[in-house]
Amino acid sequence: MKKVSFAAFGGPDVLHLMDADEPHAGPGRIRVRVRAAGVNPVDWRIREGQVLGAHPVELPSGVGLDAAGVVDEVGEGVEGVAVGDHVFGEGSDTYAEFAVLSAWARMPEGLTFEEAAGYPSVVETALRVLREVGVRPGQTLLVNGASGGVGSAVLQIARDRGITVIGTAGSANQDYLRGLGALATTYGDGWVERVRLLGRVDAALDLAGSGVLGELVELTGDPRKVVTIADLDAPEFGVRFSGVAGSVPDALAEAAALISRGRLHIPVEKAYSLAAAAAAHIDSRAGHTRGRRVVIV
Ligand SMILES: NC(=O)c1ccc[n+]([C@@H]2O[C@H](COP(=O)([O-])OP(=O)(O)OC[C@H]3O[C@@H](n4cnc5c(N)ncnc54)[C@H](OP(=O)(O)O)[C@@H]3O)[C@@H](O)[C@H]2O)c1
């Protein structure tokens with residue numbers, strides 16, 4: 001089978017489309033014929049050797065955690081899923097024709113494989129940070145970096161729960177944030193004042209790691225009301241860094257219900273072929289993805 005792989009940590013040029021042995025579903029796992037793989041920032045962080053503590057890698061390594069596809073092997077002890085089912089979920093080496101998933105759910109009716117591949121890591125992260133920041137219906141949540149994959153999910157889940165959201169994004173994404181039900185403003189010079197004009201902030205999420213934790217603490221008045229997924233200086237500000245994944249199957253089930261009710265949609269910014277995985281990484285790393293990028297297999 002064809003698989004994207006790298007033999008040394010480095011830039012996008014270390015990625016190669018190779019012939020590889022097919023993986024097989026071990027106990028508690030399923031194998032899918034991958035139709036699309038989600039492109040997450042963690043994919044290029046792993047390729048660069050940045051996050052080896054959380055994601056240990058043996059070289060040569062495949063790439064990709066998220067996928068949507070058709071089940072074609074069901075491992076020992078797995079129940080509730082059958083060969084031929086359309087699923088989306090998380091596993092390893094998903095930029096490939098076949099991949100093994102460790103967590104999955106059935107794809108909701110009407111979702112394409114291309115769209116479905118963009119959800120797994122994003123919705124797990126969004127649901128986790130909303131839980132950890134402890135924001136309640138009727139309160140106002142500030143989201144720094146609201147137009148990316150995680151931000152798009154946070155905004156829509158928060159709206160569904162009756163939470164008001166103020167989101168920051170680049171000027172090209174202001175209407176996008178408003179379309180997801182948020183009050184919107186641009187990041188950059190003067191942003192704290194612009195947020196204050198939009199309203200009081202009860203809790204805040206930093207999804208961009210753009211060095212604004214001090215300001216988020218100032219706006220909420222309490223470091224315990226701020227959570228970041230991208231700023232490693234969090235402890236300096238008394239802020240929680242969220243990095244330990246919650247239950248992916250539970251997150252996918254909740255996301256599937258929201259998708260089916262028309263309450264959650266993560267747009268695909270661009271789809272790439274397997275052979276163009278390096279371009280997908282370059283574009284993701286540029287840091288201005290609206291929704292999710294995906295690799296089509
Ligand atoms: N700790 C965890 O568990 C965890 C989980 C998932 C992701 N992450 C990390 O969290 C970050 C976000 O993930 P993602 O998948 O949502 O990324 P993404 O889809 O690539 O989105 C990045 C977003 O950041 C915004 N942005 C860029 N520069 C900004 C700035 N100076 N101020 C505010 N926003 C800015 C962009 O908005 P504009 O395009 O509008 O400029 C873009 O929408 C990544 O660093 C990722 O590695 C961590």
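For ligands, and for the atoms within them, numbers begin at 1 and follow the listed sequence.
- The backbone N or O of S147 sits nowhere less than 3.5 Å from a side-chain atom of N173 that would complete a donor-acceptor pair.
- The residues R128 and E124 are annotated as salt-bridged, a charged nitrogen and a carboxylate oxygen being separated by less than 4.0 angstrom.
- With respect to R131 and E254, no salt bridge is recorded, no charged nitrogen being found less than 4.0 Å from a carboxylate O.
- Residue G170 has at least one nitrogen or oxygen atom sitting less than 3.5 Å from a nitrogen or oxygen atom of ligand 1, judged on distance alone.
- By the 4.0 Å heavy-atom criterion, R128 is counted among the residues contacting ligand 1.
- With salt bridges taken as basic N to acidic carboxylate O contacts below 4.0 Å, one links R196 and E193.
- The aromatic rings of Y119 and F88 sit perpendicular to each other, their planes meeting at more than 60°, with 30° as the lower class boundary.
- A salt bridge links D72 to R31: at least one charged side-chain nitrogen sits closer than 4.0 Å to a carboxylate oxygen.
- Separation of the H16 and F6 ring centroids does not fall under the 6.0 Å cut-off.
- For atom 7 (C) of ligand 1, the nearest non-hydrogen atom of the protein is I229 CD1, 3.7 Å.
- R194 CZ: more than 12 foreign heavy atoms inside a 6.0 Å radius.
- Salt bridge E115/R292: absent, no basic N to carboxylate O contact under 4.0 Å.
- Using a 4.0 Å cut-off between charged side-chain N and carboxylate O, E97 and K3 make no salt bridge.
- Listed by number with element, the atoms of ligand 1 under 4.0 angstrom from any heavy atom of N173 are 38 (P), 39 (O), 40 (O).
- Atom numbering of ligand 1 starts at 1 in the shown order; those under 4.0 Å from a heavy atom of A169 are 40 (O).
- Of the N or O atoms in G148, one or more lie within a sub-3.5 Å distance of an N or O in ligand 1.
- Ranking protein heavy atoms by distance to atom 44 (C) of ligand 1, first place goes to R45 NH2, 3.8 Å.
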Open item on the list: Applying salt bridge (Lys or Arg N to Asp or Glu O under 4.0 Å) to D202 and R200, what does each step give before you reach the verdict?
Closed with: CA-CA 7 Å; D202 297 300; R200 202 191 96 146; 2.2 Å; yes
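- Within the 4.0 Å heavy-atom cutoff, R290 does not count among the residues contacting ligand 1.
- Against a heavy-atom cut-off of under 4.0 Å, A208 is close to the following atoms of ligand 1: 33 (C), 34 (N), 35 (C).
- For atom 36 (C) of ligand 1, the nearest non-hydrogen atom from the set G38, G209, G145, G287 belongs to G287.
- Of the listed residues (V244, L207, L232), the one carrying the non-hydrogen atom nearest atom 11 (C) of ligand 1 is L207.
- For ligand 1, the polar-atom distance check finds no N/O of T125 at less than 3.5 Å from any of the ligand's N/O atoms.
- Among protein heavy atoms, atom 16 (O) of ligand 1 sits closest to V150 N, 3.0 Å.
- Only the side chain of S210 comes within 4.0 Å of ligand 1, judged by heavy-atom distances.
- Considering backbone and side-chain atoms together, G149 places an N or O closer than 3.5 Å to an N or O of ligand 1.
- Not one N or O of N40 is nearer than 3.5 Å to an N or O of ligand 1, by distance alone.
- With ligand atoms numbered from 1 in the order given, ligand 1 contributes 14 (P), 15 (O), 17 (O), 18 (P), 19 (O) to contacts under 4.0 Å with heavy atoms of R292.
- For V42, no nitrogen or oxygen atom sits less than 3.5 Å from a nitrogen or oxygen atom of ligand 1, counting backbone and side chain alike.
- Remark: E76 does not engage R29 in a salt bridge, criterion side-chain N to carboxylate O under 4.0 Å.
- For the residues W191, Y176, Y187, the heavy atom positioned nearest atom 32 (N) of ligand 1 is part of Y187.
- Considering both main-chain and side-chain atoms, P41 never comes within under 3.5 Å of ligand 1 through any nitrogen or oxygen pair.
- Looking only at protein heavy atoms, the nearest one to atom 43 (O) of ligand 1 is S147 OG, 2.7 Å.
- Across D231, D233, V227, T228, a single residue satisfies side chain to side chain contact (heavy atoms under 4.5 Å, CB included) together with F241, and that is T228.
- Within ligand 1, counting atoms from 1 as listed, the ones closer than 4.0 Å to a heavy atom of S242 are 1 (N), 2 (C), 3 (O).
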